[in-house]
Amino acid sequence: MQTEVLWIAPTLALLLGYVLGSIPFGLLLTRAAGAGDLRAIGSGNIGATNVLRTGRKGLAAATLLLDMAKGAAAVWIVEAIWPGMAPLAAAAAFLGHCYPIWLRFRGGKGVATLLGVLIALAWPVALVFAGVWLGAIALTRISSVGGMLAAVSAPLTAAATGRFDLVLLLLALALIVLWKHRTNLTRLLDGTEPRVGGGSRSE
């Protein structure tokens with residue numbers, strides 16, 4: 001009986017994190033604004049970069065902020081209810097965004113949501129993540145490069161700042177981000193990955 005009780009908090013933390021993370025804000029916002037089904041636009045991705053292809057910069061910004069907010073909220077809420085379960089909520093929220101059950105597990109690439117969970121888990125890591133993300137995009141004008149480099153920076157920064165408790169988790173999430181960007185990696189190697197503002201379907 002005691003063993004069953006011990007599993008309640010982790011299970012609920014995972015469920016709550018996943019449900020919050022799986023809210024497809026990009027899809028909901030574009031539909032509400034009359035911009036159509038986001039999955040039929042550009043790359044079909046539900047993230048902010050694809051929302052930008054609708055021509056609605058405000059919607060894209062709102063999607064970015066809400067995707068970040070749901071990751072942070074999942075961590076903060078779970079930690080408030082079940083102290084110590086924040087990393088589980090972080091992983092679940094990230095996976096919920098990338099693989100939402102409501103969309104047949106076809107979600108976003110996780111960069112904004114990963115930043116959100118980092119803000120709640122370890123803000124110094126989040127600062128470096130954001131700096132790398134924005135800096136790489138500014139230098140290369142390629143969205144996917146910024147996202148992938150930012151994700152890779154997370155476990156490295158965690159180790160450098162002494163957050164060894166997060167290194168394996170962030171390494172796993174970074175690998176998922178890279179996996180979700182595998183078609184972008186192929187285009188980068190081919191020299192065909194489009195740049196920001198090129199009207200392409202890179203994300």
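Computed from a predicted structure; not experimentally measured. One is the number of the first residue; the rest follow in order along the sequence.
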query: Just how far is it from atom CG of Leu139 to atom CG of Leu149, taken to the nearest 0.5 Å?
result: 10.0 Å

Smallest separation among heavy atoms of Thr30 and Gly26, with atom names: OG1-O, 2.8 Å

- prompt: What pair of heavy atoms forms the shortest contact from Leu59 to Ala33, and how long is it?
  reply: CD1-CB, 3.6 Å

message: Side-chain heavy atoms nearer than 4.5 Å, only ILVMFWY residues, links allowed to pass through others: does that put Leu27 and Leu65 together?
response: no

- request: Compare all side-chain heavy atoms of Ser22 with those of Ile101 and state whether any distance is below 4.5 angstrom.
  value: no

task: Please tell me if the side chains of Val177 and Leu173 come closer than 4.5 Å, counting only heavy atoms from C-beta onward.
output: no

- prompt: Is Val19 linked to Trp76 within one hydrophobic cluster, defined over Ile, Leu, Val, Met, Phe, Trp and Tyr using a side-chain heavy-atom separation of less than 4.5 Å?
  reply: no

task: Kindly compute the distance separating CH2 (Trp179) from CG (Leu185), expressed to the nearest 0.5 Å.
output: 11.0 Å

query: Which pair of heavy atoms, one from Val125 and one from Ala154, lies closest together, and at what distance?
result: CG1-O, 3.7 Å

statement: CG (Leu66) and CD1 (Ile23) are apart, to the nearest 0.5 Å, by 9.0 Å

Exercise: identify the closest heavy-atom pair between Gly71 and Ala93: CA-CB, 4.3 Å

query: Tell me, do Met148 and Leu188 make a side-chain contact under 4.5 Å, heavy atoms counted?
result: yes

query: How about Ser144 and Glu193: do any of their side-chain heavy atoms sit closer than 4.5 Å?
result: yes

Check: Leu103 main-chain N/O paired with Arg106 side-chain donor or acceptor under 3.5 Å: no

- prompt: Rounded to the nearest 0.5 Å, how far apart are CG of Leu166 and CZ of Arg163?
  reply: 4.0 Å

- line: From the list Val111, Leu169, Ile176, side chain to side chain contact (heavy atoms under 4.5 Å, CB included) partner of Phe94 resolves to Ile176

- request: Please examine the side chains of Met68 and Thr113, heavy atoms only from C-beta on, and report whether any two atoms are closer than 4.5 Å.
  value: no

- prompt: Taking atom CH2 of Trp82 and atom CD1 of Ile77, what is their separation to the nearest 0.5 Å?
  reply: 9.5 Å

- request: Classify the side-chain pair His181/Lys109 by whether it contains a donor and acceptor separated by less than 3.5 Å.
  value: no

message: Measuring only between side-chain heavy atoms, which start at C-beta, is Phe129 closer than 4.5 Å to Thr157?
response: no

statement: Closest non-hydrogen atoms of Tyr99 and Tyr18, given as atom of the first, atom of the second and distance, are O-OH, 2.6 Å

- prompt: Can you hop from Leu189 to Leu178 via hydrophobic side chains spaced under 4.5 Å?
  reply: no

message: Less than 4.5 Å apart, side chain to side chain, heavy atoms only: is that true for Leu127 and Trp123?
response: yes

- line: Note: Ala136 and Gly146 closest approach over all heavy atoms is CB-CA, 3.6 Å

message: Determine whether a donor-acceptor pair (N or O, by modelled atom type, separation under 3.5 Å) exists between the side chain of Lys70 and the backbone of Leu20.
response: no

message: I'd like to check Leu118 versus Leu170 (side-chain heavy atoms, cut-off strictly below 4.5 Å). Are they in contact?
response: yes

- request: Please check if atom CZ in Arg182 has more than 12 non-hydrogen atoms from other residues, nucleotides or ligands closer than 6.0 Å.
  value: yes

message: Test side chain to side chain contact (heavy atoms under 4.5 Å, CB included) on Ile137 and Val145; report intermediate values, then the result.
response: CA-CA 7 Å; Ile137 292 176; Val145 169; over 6 Å; no

message: Using the rule given for side chain to side chain contact (heavy atoms under 4.5 Å, CB included), can you reason through Val78 versus Leu12, listing the C-alpha separation, both sets of side-chain angles and the distance that settles it, and then say yes or no?
response: CA-CA 9 Å; Val78 165; Leu12 292 177; over 6 Å; no

task: Could you check Thr186 against Asp190 for side chain to side chain contact (heavy atoms under 4.5 Å, CB included), going step by step and ending with a plain yes or no?
output: CA-CA 6 Å; Thr186 299; Asp190 292 340; 3.7 Å; yes

